[in-house]
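Before any comments, here is the structure.
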Amino acid sequence: MPLIYFLPPLATVLIWSGNMTINQLSVGAIAPSSIAFLRWLLALAVMTPFVLPAVLRHRAEISRQWPKLALLGLLGMGLWQGLAYVAAETTTATNMGILAAMVPLLTVLLSALILREPPTLGGIIGGVLAFVGVTVLLGRGNPLSLLHLQVALGDALMVVAATCYALYGVMLKRWSMNLPPWVMLYAQVCFAVLFLLPPYLMGPMTPIDGQNIGLILYAGIPASVITTFLWMRAVRQIGANQSSIFINLMPLFSALIAMVFLGEQVAGFHLAGGLLILAGVIMAQTLTRPFTRDLTSDKSSRAR
């Protein structure tokens, strides 16, 4: 496989990691409700000249599938990023990058619950490892502090946001729609803009100025439109499974970018929690043998 095929997923994860720093830089520069809405409004405006003709050709299918598209837009665009902007006010970009890397593992677990896919050995062991890693991270190195509900609000919101995005991926897989990828994305963004409009109007409505326009541009174009194009290209060239492995680089990239631009320091609990979560995610992605088959084999061998 040519090495150039690995550039699209690598660039995608790098841009996503940079967006964690954008989340932090937006604190005090623009309200979470404002950047969440303006980001997707900008993405919609950029896509419209290129995608609208195809959307009009598929309007009958869109009208049939609109409830599903609306829920996908709420989960994948509205809640995933909307919660991340709120979380940035009370947590660090490093923590956000580590917790966002849980998405592949959460996708495996939710697939077992919703799609009835048999749990894998890696999913079970990896889930336990990642859970321990999350408790180390949320407890700032002291998991027992969670018994006293000593969890930063931002960290808790990022766990919810990651769960929403994992659920988005699972439902996207469950609901097969006869729509081209860009048309499906465009419809989801339309619904996301509608969902994000009320919070934006309720305020505080931050005016666009020289301090925040760059943040909106980065979030609306590279982190929304360009990453979508690159990710779809990556999936087409090397497959979804191999592409998703690159998400494991998010904690590293997020920490490095945050150190350079925000001056964040990586503590011991970041390394311990991040490594446990990373190990859990890698196990879930690589040990894909169904766990139920192992149990069946054990029962058969005992019967003999």
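Numbers here simply count residues along the sequence, with the first being 1.
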Under a 4.5 Å cut-off applied to non-hydrogen side-chain atoms, are Thr90 and Met158 in contact? no
Counterpart residues, ring-ring contact (aromatic ring centres under 6.0 Å, His included), relative to Tyr85 (two or more places apart): none
Can you tell me if Arg59 uses its side chain to pair, donor with acceptor, with the backbone of Leu56 under 3.5 Å? yes
Any side-chain to backbone donor/acceptor pair from Arg39 onto Ala223? Under 3.5 Å, distance only. yes
Of all residues at least two apart in sequence or in a different chain, which pass the ring-ring contact (aromatic ring centres under 6.0 Å, His included) check with Phe37? Tyr200
In sequence, state the C-alpha distance, the side-chain angles, and the governing distance for Leu109 and Leu113, and then conclude on side-chain contact (heavy atoms from CB on, under 4.5 Å). CA-CA 7 Å; Leu109 298 178; Leu113 292 174; 5.8 Å; no
Grab the two heavy atoms, one from Met205 and one from Leu201, that are nearest each other, plus how far apart they are. SD-O, 3.9 Å
With sequence neighbours left out, what residues match His270 under side-chain contact (heavy atoms from CB on, under 4.5 Å)? Thr92, Thr94, Asn95, Ile98, Leu137, Val266, Ala267
So do the side chains of Ile4 and Leu7 get within less than 4.5 Å of each other, counting heavy atoms only? yes
Are Phe131 and Ile125 joined in one hydrophobic group, where the rule is that I, L, V, M, F, W and Y side chains link up if heavy atoms are under 4.5 Å apart? no
side-chain hydrogen bond (donor to acceptor under 3.5 Å, both in side chains) contacts touching residues 101-112 (sequence neighbours left out): none
Report the distance from atom CD1 of Ile62 to atom CG of Asn178, rounding to the nearest 0.5 Å. 11.0 Å
Do you know the tightest heavy-atom contact between Trp182 and Val225? CH2-O, 3.8 Å
Looking at CG of Leu115 and NZ of Lys173, how far apart are the two atoms once the value is rounded to the nearest 0.5 Å? 6.0 Å
Can you list everything that forms a side-chain contact (heavy atoms from CB on, under 4.5 Å) with Ile208? Sequence neighbours excluded, please. Leu38, Asn212, Ile213, Ile216
Could I get the full list of ring-ring contact (aromatic ring centres under 6.0 Å, His included) partners for Phe191, not counting sequence neighbours? none
Intermediate values then yes/no, side-chain contact (heavy atoms from CB on, under 4.5 Å), Val103 and Met250: CA-CA 11 Å; Val103 168; Met250 275 192 69; over 6 Å; no
Strictly distance-based, threshold 3.5 Å: is any side-chain N or O of Ser34 a donor or acceptor partner for the main-chain N or O of Thr206? yes
Does one hydrophobic cluster hold both Val136 and Leu275, with members joined at side-chain heavy-atom distances below 4.5 Å? no
Is there side-chain contact between Trp80 and Leu167, with at least one heavy-atom pair below 4.5 Å? no
hydrophobic_cluster_shared for Val159 and Val128, side chain cutoff 4.5 Å: no
Worked verdict on Trp175 versus Met184 for side-chain contact (heavy atoms from CB on, under 4.5 Å): CA-CA 12 Å; Trp175 291 331; Met184 186 181 297; over 6 Å; no
Results of side-chain contact (heavy atoms from CB on, under 4.5 Å) for Arg57 - residues two or more places apart only: Pro53, Ala54
All heavy atoms of Leu157 vs all of Ala87, minimum pair found to be CB-CB, 3.9 Å
In Å and rounded to the nearest 0.5 Å, what is the CE to SG distance from Met77 to Cys164? 13.0 Å
Hey, any chance Ile221 and Leu44 share a hydrophobic cluster, counting ILVMFWY side chains that come within less than 4.5 Å of each other, even indirectly? yes
Within-4.5 Å side-chain heavy-atom neighbours: Leu196 and Gln81: no
Who passes side-chain hydrogen bond (donor to acceptor under 3.5 Å, both in side chains) against Thr48, sequence neighbours left out? Tyr186
Partners passing side-chain hydrogen bond (donor to acceptor under 3.5 Å, both in side chains) against Tyr165 (at least two apart in sequence or in another chain): none
Residue set satisfying side-chain contact (heavy atoms from CB on, under 4.5 Å) with Pro199, at least two apart, ordered chain then number -> Ser33
If I take atom CZ from residue Arg116 and atom CZ from residue Arg174, how far apart are they, to the nearest 0.5 angstrom? 8.5 Å
Does the pair Glu89 and Leu153 meet the rule for a side-chain contact (heavy atoms from CB on, under 4.5 Å), with working shown? CA-CA 9 Å; Glu89 297 181 330; Leu153 177 61; over 6 Å; no
Listing, residues 8-32 side-chain donor-acceptor contacts under 3.5 Å, not counting sequence neighbours, or none:
{"from": "Thr12", "atom 1": "OG1", "to": "Pro8", "atom 2": "O", "distance (Å)": "2.8"}
{"from": "Ser17", "atom 1": "OG", "to": "Val13", "atom 2": "O", "distance (Å)": "2.8"}
{"from": "Asn23", "atom 1": "ND2", "to": "Asn19", "atom 2": "O", "distance (Å)": "3.4"}
{"from": "Gln24", "atom 1": "NE2", "to": "Ala88", "atom 2": "O", "distance (Å)": "3.2"}
{"from": "Gln24", "atom 1": "NE2", "to": "Thr91", "atom 2": "O", "distance (Å)": "2.6"}
{"from": "Ser26", "atom 1": "OG", "to": "Asn23", "atom 2": "O", "distance (Å)": "2.5"}

Closest heavy-atom pair, Leu106 versus Ala166, reported as atoms and distance to 0.1 Å, is CB-CB, 3.6 Å
Rounded to the nearest 0.5 Å, what's the gap from CG on Leu194 to CG on Leu74? Could you check? 11.5 Å
From CD (Gln188) to CG (Leu179), nearest 0.5 Å: 9.5 Å
Looking at every heavy atom in both Glu264 and Met259, which two are closest together, and how far apart are they? O-CG, 3.2 Å
What residues, two or more places apart in sequence or in another chain, satisfy side-chain hydrogen bond (donor to acceptor under 3.5 Å, both in side chains) together with Arg64? Glu61
For Ser224 and Ala219, the nearest pair of non-hydrogen atoms, with its separation, is OG-O, 2.6 Å
Ignoring hydrogens and angles, tell me if any N or O in the side chain of Ser254 forms a donor-acceptor pair with the backbone of Pro251 under 3.5 Å. no
